[in-house]
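Report on the following structure.
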Amino acid sequence: MKIKNVVVIGSGTMGSGIAAQLCNANIPVTLLDLTTEISEKAKRKIFESRPPLLIDKSKIDNIKVGNIENDFDLVGQADWIVEAVVERIDIKHNLYEKISKVRKPDSIISSNTSTIPLKVLSEKMSKEDKKDFCITHFFNPVRYMGLLEIVSEETNDHKKISFLKFFCEENLGKGVIICKDTPGFLGNRVGVYAMQVAMTEAIKMDLSIQEADAIFGRPMGIPKTGIFGLYDLIGIDLMADVLKSFLKELPSTDVFHEVAKEIPLVKNLIQTGYTGRKGKGGFYRMNKQNGKKIIEAINLKNGKYTPSQKTNLNFDDKVTLQDLVSRNDKYGEYAWSVLSKIILYASSLIPKVTKDYNNIDEAMRLGFNWQRGPFEMLNEIGVKFFAEKDKQLKLNEFIKKLYDENNNNFYGKRQIYTDLETLGKVKQIARFKNDNKSAFTYEHKDYKIVEFNTKANTLDYNSMDALKKASNKNLIIINEGMQFSAGVNLNYVMDFADEKNWKAIEKFIHHFQMTCKQLKYSNNIVISAPSGLALGGGFEVLVQSDYVVSHTNIVTGLVETLVGLIPAGGGTKELLWRWMQSQEAAKDPDFAPQKVFDIIGYGKTASSPVEAMPFKFLLGRDKSIMNRNKLLSAAETLIDEKKSGYKPPTQPIFKLSGSQVRDKMFQSLENLFRDKKIMEHGMEVGKKLAFVLSGGNTTIDNELSEDDMYALELEAFIQLIQMEKTQARIKHTLSTGKPLVN
Ligand code: NAI
């Protein structure tokens, strides 16, 4: 069996996403729609999408387009035909009839439906077609969501289904979970139920939408969009359709019915065009006040909008679930009510919907970006605690059995859906050294693993300690959470800045530099295996590792100037050194400093390894991997390949022209200032960056060591952090999550 040619029918949100991911995997794909104009427009949207659906935009023309009238013969050449047209059974049935007539006998047909049962989709098919037909349920946006549910039946050719699973895992990088033909499969069945519980309980308990999102969010290990933010993101109208189909498919005894009733406020939002971010707004909306954009939140009682207020729950991010649900206030009550209902619902699905509860957890991780699924939550909170906390709670068979057996640690293996040796699996068996609060360290085989463990994996003194200690062995720095690292923990730095404790900041940055230096020059191989954000300090760790084994979905670069700082953990000097090795630099000593001045000055980022290469954020020696689950084993293989005779790199010597190149940089700053592209503070930041990149008070004949460059970075950083304007920028970023423009 092979898949060398794919046709995707329906070029809407999902069809485009699937076609783009096939293109990312270098599989020739044709996108068909009712007219070629529609599929051409879809192709343009793929090209312009943000975040980008393509890993390498230059490959866009590997996606061919056409229409179902004139180009249907292409279906006859396809190994896999993916149907992603509107959710209408009559249209889908018509299409299958047409496909059946032309498809190759050994081809696979699949539907991307999220709500129509497999048996309904295939009811008119011949036995032969049924064998080759399944549901491939991708999540939106296809490139970024890890989950693919394949729904199959007894009637299927199981070899083919296994092959398709392997193909999608290997080539499309998906976590593929095989599901039974039950409504909403696994992800949506539990995920949509969870959303509805979180919404209806918030209304019942009189919480504001911000309060609900603050609890049903980070404290529960759920993305910060929470419930109402997520509703806006998905589309309130789309959710209404999904609910209708659940109500139609599920028996009236299913408790899903209790949380899926139409809510007048929601109905009104849809009717007035408030369908979420794609519409006029939703539960949240953007408004203008005195020329300034502000976020407003809806009042669940009267439907009126007022400026959104941040909810302060007065606990840190690492609150345990037990502490959260034990709080003696409305927030604790809400958390318990929501959590207990989700756990009860998910466990009521065992074994009928799936016998593998672990698959539900993994579906929630991959499809909804939860840090842990309901069963892991139950295990963490403790079966005894769960069963005894609320006598009113009606336990189901699954939980009763665990409780009767006094089974408080029932959780077995993780990620049983894949045969790959994943980080999740290795963490369960590796020797665990919980050295410190900011990072976990594991020992496995002949290497160590460091996994950062803070909000967005931001870095502080402890994170560096963990890295430093772990570099006495071969080391893989990797993350199971969403981000490799969003950079230095600016809260941590600002706490010192508020006290004007510059010495403490200096100590931290110096520690950061010396840790990265150790990673680079230790006698052991250090591999960074990032996925998600690897920005600022996160990038500095990565760029000073020996190799990078990168997931294809990374966002990387040096963004310090956006908050009025410069990279001072070695990022400036390392990027400069990389550019000094280029051919252009051999001819012109000022080429590299000027190039890096632009890259760092504009805070350039790359959103894939392919985009990272032209900036030299990544090099040819680094690897890029489609499937996140393979990052650890790929890094391990690289260690095995390189460990014999490994020698750390030799230390570079920097020859820079000092004021000669600095003057050129200052000139370009003056131009930007004159054109009002930057303000005074931007000029200051630019000048400090120029000072470092030009080598400070040096001349071209002078030799600067790496330590000299580190010292220049540190000096510039300390001068910048002492500026009130920089502090204001950082505070703005910390409170809004966005840098100040200009
Ligand atoms: P969409 O409305 O964005 O796109 C549907 C496309 O199908 C349109 O371009 C339309 O012109 C085309 N189309 C309609 N009839 C056609 C026909 N006879 N032949 C060829 N093309 C035809 O829909 P979306 O959101 O992409 O959904 C597609 C499928 O994926 C549906 O079954 C939906 O349930 C499912 N799905 C949607 C998700 C989402 O988040 N939007 C997530 C997972 C599944």
Side-chain angles (χ1 to χ4, degrees), residues 7-21 30-46 49 53 63 65-72 74-75 78 81-99 102 109-118 120-122 133-151 168 174 177 179 183-189 191-192 195 230-246 248-249 275-278 363 366-369:
V7 168
V8 178
I9 308 179
S11 65
T13 311
M14 296 309 292
S16 307
I18 296 164
Q21 190 65 358
T30 307
L31 198 45
L32 300 181
D33 209 295
L34 292 168
T35 66
T36 307
E37 284 72 43
I38 302 178
S39 43
E40 242 160 22
K41 197 170 159 208
K43 186 170 159 178
R44 274 201 302 280
K45 270 176 110 176
I46 293 174
S49 54
L53 288 170
I63 302 176
V65 293
N67 67 70
I68 51 160
E69 291 309 320
N70 307 328
D71 305 300
F72 210 77
L74 293 172
V75 172
I81 304 129
V82 186
E83 172 273 301
V85 304
V86 282
E87 194 74 327
R88 274 203 23 211
I89 189 63
D90 53 334
I91 295 179
K92 292 191 195 256
H93 275 161
N94 273 338
L95 208 54
Y96 301 152
E97 203 184 322
K98 277 179 78 181
I99 294 171
V102 298
I109 323 166
S110 71
S111 170
N112 196 60
T113 184
S114 40
T115 59
I116 307 175
L118 182 66
V120 176
L121 291 171
S122 66
F133 177 76
C134 64
I135 291 171
T136 46
H137 183 231
F138 288 90
F139 281 64
N140 183 33
V142 178
R143 176 178 165 194
Y144 295 96
M145 296 308 293
L147 182 59
L148 167 61
E149 294 174 310
I150 295 188
V151 183
C168 293
K174 297 296 153 206
I177 300 183
C179 304
F185 322 126
L186 295 183
N188 281 351
R189 179 75 173 270
V192 175
M195 287 175 69
L230 181 60
Y231 236 94
D232 283 353
L233 189 70
I234 296 176
I236 302 176
D237 50 342
L238 197 91
M239 281 298 293
D241 289 342
V242 169
L243 289 179
K244 270 185 210 140
S245 106
F246 270 115
K248 184 169 151 245
E249 298 297 336
T275 50
R277 291 194 197 174
K278 64 176 177 184
L366 294 167
F368 285 79
N369 289 327

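Order of listing sets the numbers, starting from 1, for every ligand and every atom in it. Keep in mind it's a predicted model, so treat the numbers as computed, not measured.
Counting all heavy atoms, side chain and backbone alike, Ile18 lies closest to Val82 at CD1-CG1, 4.1 Å.
Every protein residue with a heavy atom nearer than 4.0 Å to ligand 1 is included here: Ile9, Gly10, Ser11, Gly12, Thr13, Met14, Asp33, Leu34, Ile38, Ile68, Ala84, Val85, Val86, Glu87, Ile91, Lys92, Asn112, Thr113, Ser114, His137, Phe138, Asn140.
For the 3.5 Å distance criterion, the side chains of Asn67 and Thr36 qualify, holding a donor opposite an acceptor.
Using modelled atom types, no side-chain atom of Thr30 and backbone atom of Val7 make a donor-acceptor pair closer than 3.5 Å. Between the side chain of Lys174 and the backbone N or O of Glu149, no donor-acceptor pair lies under 3.5 Å.
Within the structure, side-chain hydrogen bond (donor to acceptor under 3.5 Å, both in side chains) contacts touching residues 139-148 (residues at least two apart or in different chains) are Arg143-Asn553.
Salt bridge status for Asp33 with Lys43: absent, with no side-chain N to carboxylate O gap under 4.0 Å.
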